[in-house]
> 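Here it is: the structure, laid out below.
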There are 2 protein chains.
Amino acid sequence: MKEKAPVCKVTLFDEETVQTIRANLPGEETIIELSEVYKSLGDGTRLKILLALKEKESCVCDLAAALSMSQSAISHQLRVLRNVRLVKYRREGKMVYYSLDDEHILKIIQEGLNHIEHK
Amino acid sequence: MKEKAPVCKVTLFDEETVQTIRANLPGEETIIELSEVYKSLGDGTRLKILLALKEKESCVCDLAAALSMSQSAISHQLRVLRNVRLVKYRREGKMVYYSLDDEHILKIIQEGLNHIEHK
DNA sequence: ACCTCATATGTTCATTTGTTCATATGTTAT
DNA sequence: ATAACATATGAACAAATGAACATATGAGGT
């Protein structure tokens, strides 16, 4: 007989664990915001854009050329990235130059790369 | 007249920028893998599971209880997380205990939180 | 004022994704 | 072997997403 038999049975779980988990979960709003950030990162085109901007601030047409995609497609994806503040931009005449919004983005991507290169 | 007029015109972009971007982009395979990791993070339920596991290794039924969701739903999401090696598990009798796969996951989530708390 | 270029947005449509229900594994105890 | 339980999986469907088209906006030059 164990002192702490692991029982579950739908309603019989480890109360303490459950309470701890619940107490430490951020609010629903935070969860949604966070998931939207990762969702935006979860697309090949957008990742390429961010990896490109990691090197150097660029205008939309350079991004389109570098990724061999239409300007419209790039612009759509940039809007998604703007909405979650992954990129910021600055206007100079007709051109709009995009860059990464903050250092967190870089770290998130770097740790992601570390993960898949399995350390 | 500027010394470096920003011209674009579909085929007229900054060659150097374009070359630099292309030269530094990871291969397509890496991009796909990376996007799948973030895609997996881009869901509220899966984020909650990871935030829960951040605290303490847990079995499926505790996760289901803590998040007030069906065992089936949790199990399905755990499979997604397993597929991209965001979680690992260990069997103990009937129970299966899940935990975060490595430290990178924690950092990715932490930087994500830092980002949305805009600091 | 006009025209052109760079970028942004709306709409439609095909595909992907998440959830639920029902069922299947796999483990322990009798 | 059978029962009971924890977890996993398959099918079906609604909802979210992405690509591609046309069109709109905003800036500079004429």
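These values consider heavy atoms only, across backbone and side chains, with no hydrogens, waters or symmetry-generated copies. Note on naming: letters A, B, ... go to the chains in the order of the sequence lines (proteins, then strands), and numbering restarts at 1 for each one.
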> Between the opening five pairs and the closing five pairs of the helix from dA1(C)-dT30(D) to dT30(C)-dA1(D), how far apart are the helix axes, to 10°?
30°
> More 5' along DNA chain C: Gln71(B) or Val80(B), using each one's nearest nucleotide?
Val80(B)
> So, using side-chain hydrogen bond (donor to acceptor under 3.5 Å, both in side chains) as the criterion, who are the partners of Arg91(B) when residues are at least two apart?
none
> Using a strict heavy-atom distance below 4.0 Å, which residues from residues 27-38 of chain B are in contact with DNA chain D?
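Heavy-atom cutoff 4.0 Å gives no residues at all.
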> Counting only heavy atoms and a strict 4.0 angstrom limit, can you tell me which residues of residues 42-55 of chain A come near DNA chain C?
none
> Taking any heavy-atom pair under 4.0 Å as a contact, classify Tyr89(B): base, sugar-phosphate, or nothing.
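The answer is nothing, as Tyr89(B) stays clear of every strand by at least 4.0 Å.
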> Only counting residues at least two apart or in another chain, list the ones meeting side chain to side chain contact (heavy atoms under 4.5 Å, CB included) with Lys56(A).
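With neighbours one apart ignored, the set is Asp14(B), Thr17(B).
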> Using a cutoff of under 3.5 Å, can you pull out all pairs of nitrogen or oxygen atoms linking the protein to nucleotides 21-24 of chain D, with atom names and distances?
{"residue": "dC21(D)", "atom": "N4", "partner": "Ser72(A)", "partner atom": "OG", "Å": "3.2"}
{"residue": "dA22(D)", "atom": "N6", "partner": "Ser72(A)", "partner atom": "OG", "Å": "3.3"}

> Who are the side-chain hydrogen bond (donor to acceptor under 3.5 Å, both in side chains) partners of Glu55(B), not counting sequence neighbours?
none
> May I have the distance from Asn83(B) (atom CG) to dT17(C) (atom C1'), rounded to whole angstrom?
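Interatomic distance, CG of Asn83(B) to C1' of dT17(C): 14 Å.
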> Going by side-chain hydrogen bond (donor to acceptor under 3.5 Å, both in side chains), name the residues that satisfy it together with Glu111(A), two or more places apart in sequence or in a different chain.
His104(B)
> Just list the side-chain donor-acceptor pairs under 3.5 Å for residues 63-76 of chain A, sequence neighbours left out, or say none.
{"residue": "Ser68(A)", "atom": "OG", "partner": "Arg22(B)", "partner atom": "NH2", "Å": "3.4"}
{"residue": "Ser70(A)", "atom": "OG", "partner": "Ala73(A)", "partner atom": "N", "Å": "3.0"}

> Pair up each side-chain donor or acceptor in residues 38-52 of chain B with any protein partner under 3.5 Å, not counting sequence neighbours, and list the distances.
{"residue": "Tyr38(B)", "atom": "OH", "partner": "Ile108(A)", "partner atom": "O", "Å": "2.7"}
{"residue": "Ser40(B)", "atom": "OG", "partner": "Glu36(B)", "partner atom": "O", "Å": "2.8"}
{"residue": "Asp43(B)", "atom": "OD2", "partner": "Thr45(B)", "partner atom": "N", "Å": "3.0"}
{"residue": "Asp43(B)", "atom": "OD2", "partner": "Arg46(B)", "partner atom": "N", "Å": "3.1"}
{"residue": "Arg46(B)", "atom": "NE", "partner": "Ser40(B)", "partner atom": "O", "Å": "2.6"}
{"residue": "Arg46(B)", "atom": "NH1", "partner": "Gln77(B)", "partner atom": "OE1", "Å": "2.9"}
{"residue": "Arg46(B)", "atom": "NH2", "partner": "Lys39(B)", "partner atom": "O", "Å": "3.3"}
{"residue": "Lys48(B)", "atom": "NZ", "partner": "Glu28(A)", "partner atom": "OE1", "Å": "3.1"}

> Excluding sequence neighbours, so at least two apart, what forms side-chain hydrogen bond (donor to acceptor under 3.5 Å, both in side chains) with Ser35(B)?
none
> Given that Ala73(B) and Gln77(A) both sit by DNA chain D, which one's nearest nucleotide is further toward the 5' end?
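Looking at DNA chain D, the more 5' nearest nucleotide goes with Ala73(B).
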> Indicate whether the side chain of Tyr98(A) and that of Arg82(A) have a donor and an acceptor atom separated by less than 3.5 Å.
yes
> Hey, what are the protein-to-nucleotides 25-30 of chain D N/O distances that come in under 3.5 Å?
none

> What's the spacing between Cys59(A) SG and Glu92(A) CD if we round to 0.5 Å?
10.0 Å
